[in-house]
Amino acid sequence: MKITYRLKVLVLFLGTGMVNSIYAQERVISLEQAIHMAQKNSFEYKVAANRYQSSVWNFRNHNASFLPSLYLDGTIPNYSRSIRKITLPTGEDAFVNQNQAFSSLNLGMRQNIGITGGVLSLSSILDRIDILGDNRSVRYSTVPVSISYNQDAIGYNRFKWLKKTEPLRFEVSQKKLISDMEQIGLQAVSYYFNLFVAQSRRALSQQNLANSEKLYRISQERFKLGAVSQSELLQLQLKVLNAQKELTQDSVDMVLGQQQFLRYLTLPEGESLTLSLPDSIPLFDVRFDEALKQAYENSESVLRFRLDRLDAEQALDKANSESNLKFNIRANFGLSNRADNFTQLFNHLENQQNFALSFSLPLLDWGYSKTQKLRAEANLEIVKSQIEQDQMQFAQEIALHTSRWNLHTQQMTIAIETKAISEKNYELEVERYLRGTISINDLNQAQAQKDMAILTYFSAIRTYWELYYTLRRLTLYDFDKVEKLVYTLEFD
């Protein structure tokens, strides 16, 4: 079902001294264009884009941490000339002069092992010592190949949790971007209709002033003929003055609304606008179960529930590991040699092995480890309860806006019919007043009904678009086009 209407309101600037400049340019902006401009130029867009860009770099950094990394460390040189204390083979200490330079290169590759939580590394090391002074000499040492494996704790695997949380965290940021774009669209709708209603009220005030002045002039002639009492003539004069007052106030509101709208879209403030509403609006029902289904499949909030629970479970796993018996592993295997000549350095390489298994068990910590574990368990229960409550509130919010949307279809139809009837009734009442069959009070009442019906109609249009984009933001789904919302930003 679609209701079609055509309505364009031209931005009319004050003809009084309240506005000192008349804008030279004129630009037609539709509601869709305003939303698109806000999603490309507004400050809120820049914040959302930078937030998403940061999450992209974080996720790429996470993926890179599980790829092999090649590195080169070096010290060229470390020169030292000093008097130092050394221990002689006899066990005595003595002071000796040292004048030497130490150089070192270490070429290595490191790989995080997600399954076990350890780090596997492969390295090649070359060291050189230059003895300076009267007895110059050079000594070399090398470890051509060394394979090492280090694991800080057996039981808690940080890499395992990162592989669970980081992809989900990035998915949350993607949904957050879409939600932010829909929120920007919703805010653009608000500013758009603030200006639209302000323009419409001013146009209505201008029309009412013109009608009041026309009736006042006609009544002046009729007063000379004795067909109108002086009391009615004074009421019409008062009506003209009130219409002028309303026009002045509505003109100020229109200028303020325009400034706010232009600033939000980052457009020049000296630009004249014509607001153009869509020629038709689709009215369709949205089932609560379908809306809730789409929300659970697409919404950022649902993914954040899962992420919060995983973070709490990770904290509990870490607390359990730290409060129990912990093991650390250090293992190394390689080849090594030393020589006074570089050409002889790689002859007769010797094996080099190292293995260490250490443990740690808290014996007496006055309940510190236990309270850490209990606190993590309590936090997990709090997160579960909070998630359950947030899910209920989320479902209630979906139900509320779905109900409002479905009820608004009927309200839109009533608003359109009421507007048409009240406008026709006002025209008839003006004719009856000019024939002298009704009083000025009856005419004023008809005008008030007409004005209220027009403003109610504009409010209904605004509410429609606000509900439309609110449902999109909550579910990240377009029920009109029957498709999921997608918004992507490309980065190098």
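Fair warning: this is a prediction, and the values are worked out from it, not measured in the lab.
In this structure, a donor-acceptor pair under 3.5 Å is absent between the side chains of Glu246 and Asn242. His408 and Gln411 share a side-chain donor-acceptor pair at under 3.5 Å. Side-chain contact check for Gln199 and Arg202: no donor-acceptor pair (N or O, by modelled atom type) lies under 3.5 Å. Looking only at atom types and distance, the side chain of Ser121 has no donor-acceptor partner in the side chain of Arg110 under 3.5 Å away. Judged purely by distance below 3.5 Å, without hydrogens or angles, the side chains of Arg287 and Asn406 never pair a donor atom with an acceptor atom. Checked by atom type, the side-chain pair Arg304/Ser299 shows no donor-acceptor distance below 3.5 Å. Judged by distance alone, the side chains of Tyr464 and Glu466 never bring a donor and an acceptor atom under 3.5 Å apart. Side chains of Lys164 and Gln314: no donor on one and acceptor on the other come within 3.5 Å. Checking Gln393 against Glu397 by side-chain atom types alone, no donor-acceptor pair falls below 3.5 Å. A donor atom on one side chain and an acceptor atom on the other are found under 3.5 Å apart for Tyr216 and Gln220.
Here the CE atom belonging to Met37 is positioned 10.5 Å from the OG atom belonging to Ser42, to the nearest 0.5 angstrom. A distance of 9.5 Å separates OG in Ser212 from CD in Gln244, rounded to the nearest 0.5 Å. Considering CG of Leu204 and CG of Asp250, their distance stands at 8.0 Å, rounded to 0.5 Å. To the nearest 0.5 Å, the span separating CD on Gln258 from CG on Leu275 amounts to 8.5 Å. With rounding to the nearest 0.5 angstrom, the CD atom of Glu300 is 11.0 Å from the CD atom of Glu171. Here the straight-line distance linking atom OH of Tyr457 with atom CE of Met412 works out to 6.0 Å at 0.5 Å rounding.
Residue Arg158 places its CZ atom among 12 or fewer non-hydrogen atoms of other residues, nucleotides or ligands, all under 6.0 Å distant. Crowding of Glu483 atom CD: a count of heavy atoms from other residues, nucleotides or ligands under 6.0 Å exceeding 12. Residue-environment remark: NE2 (His36) stays at or below the threshold of 12 foreign heavy atoms within 6.0 Å. Counting non-hydrogen atoms of neighbouring residues, nucleotides and ligands closer than 6.0 angstrom, the OH atom of Tyr71 exceeds 12 such neighbours.
For the pair Leu400 and Arg404, the minimum side-chain heavy-atom distance is below 4.5 Å. Contact of the Gln111 side chain with the Ile113 side chain is registered, since non-hydrogen atoms from C-beta on lie closer than 4.5 Å. At least one side-chain heavy atom of Leu476 sits less than 4.5 Å from a side-chain heavy atom of Ser179. You'll find the side chain of Gln391 reaches within 4.5 Å of the side chain of Phe305, heavy atoms only. Two residues are said to be in side-chain contact when any heavy atoms from C-beta on lie closer than 4.5 Å; Val172 and Leu303 meet this criterion. Two residues are said to be in side-chain contact when any heavy atoms from C-beta on lie closer than 4.5 Å; Tyr156 and Trp161 meet this criterion. Annotation: side chain of Gln249 is in contact with side chain of Asp253 (closest heavy-atom distance under 4.5 Å). No side-chain heavy atom of Phe159 sits under 4.5 Å from any side-chain heavy atom of Ile115.
Taking the ring centre of Phe66 as origin, the terminal cationic atom of Lys163 falls inside the region bounded by 6.0 Å and 45° from the ring axis. Under a cutoff of 6.0 Å and an axis angle of 45°, Lys484 and Tyr477 do not form a cation-pi pair.
Between Lys384 and Asp308 no salt bridge is recorded (no basic side-chain N to carboxylate O distance below 4.0 Å). A salt bridge links Asp478 with Arg472: the closest approach of a Lys/Arg side-chain nitrogen to an acidic carboxylate oxygen falls below 4.0 angstrom. Using a cutoff of 4.0 Å between basic side-chain nitrogens and carboxylate oxygens, Arg51 and Asp180 are scored as salt-bridged.
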Check against side chain to side chain donor-acceptor pair (under 3.5 Å), Tyr296 and Gln294: CA-CA 5 Å; Tyr296 278 132; Gln294 295 299 335; over 6 Å; no
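When all heavy atoms of Tyr469 and Glu182 are compared, the pair lying nearest together is CD2-OE1, 3.5 Å. Considering all non-hydrogen atoms of both residues, Val286 and Leu471 come closest at CG2-CD1, 4.3 Å. For the pair Asn157 and Gly117, the tightest heavy-atom approach, listed with the atom from each and the gap, is OD1-CA, 3.1 Å. For Glu429 against Asp442, the heavy-atom pair with the smallest separation is OE1-O, 4.2 Å.
Remark: side-chain polar atoms of Ser422 are paired, donor with acceptor, to backbone N or O of Lys419 under 3.5 angstrom. Judged by distance alone, the side chain of Ser459 and the main-chain N or O of Leu455 form no donor-acceptor pair under 3.5 Å.
Taking the six-membered ring for Trp and thresholds of 30 and 60 degrees, Trp465 and Tyr468 have ring planes more than 60 degrees apart, a perpendicular arrangement. Ring planes of Phe284 and Trp405: tilted class, angle from 30 to 60°.
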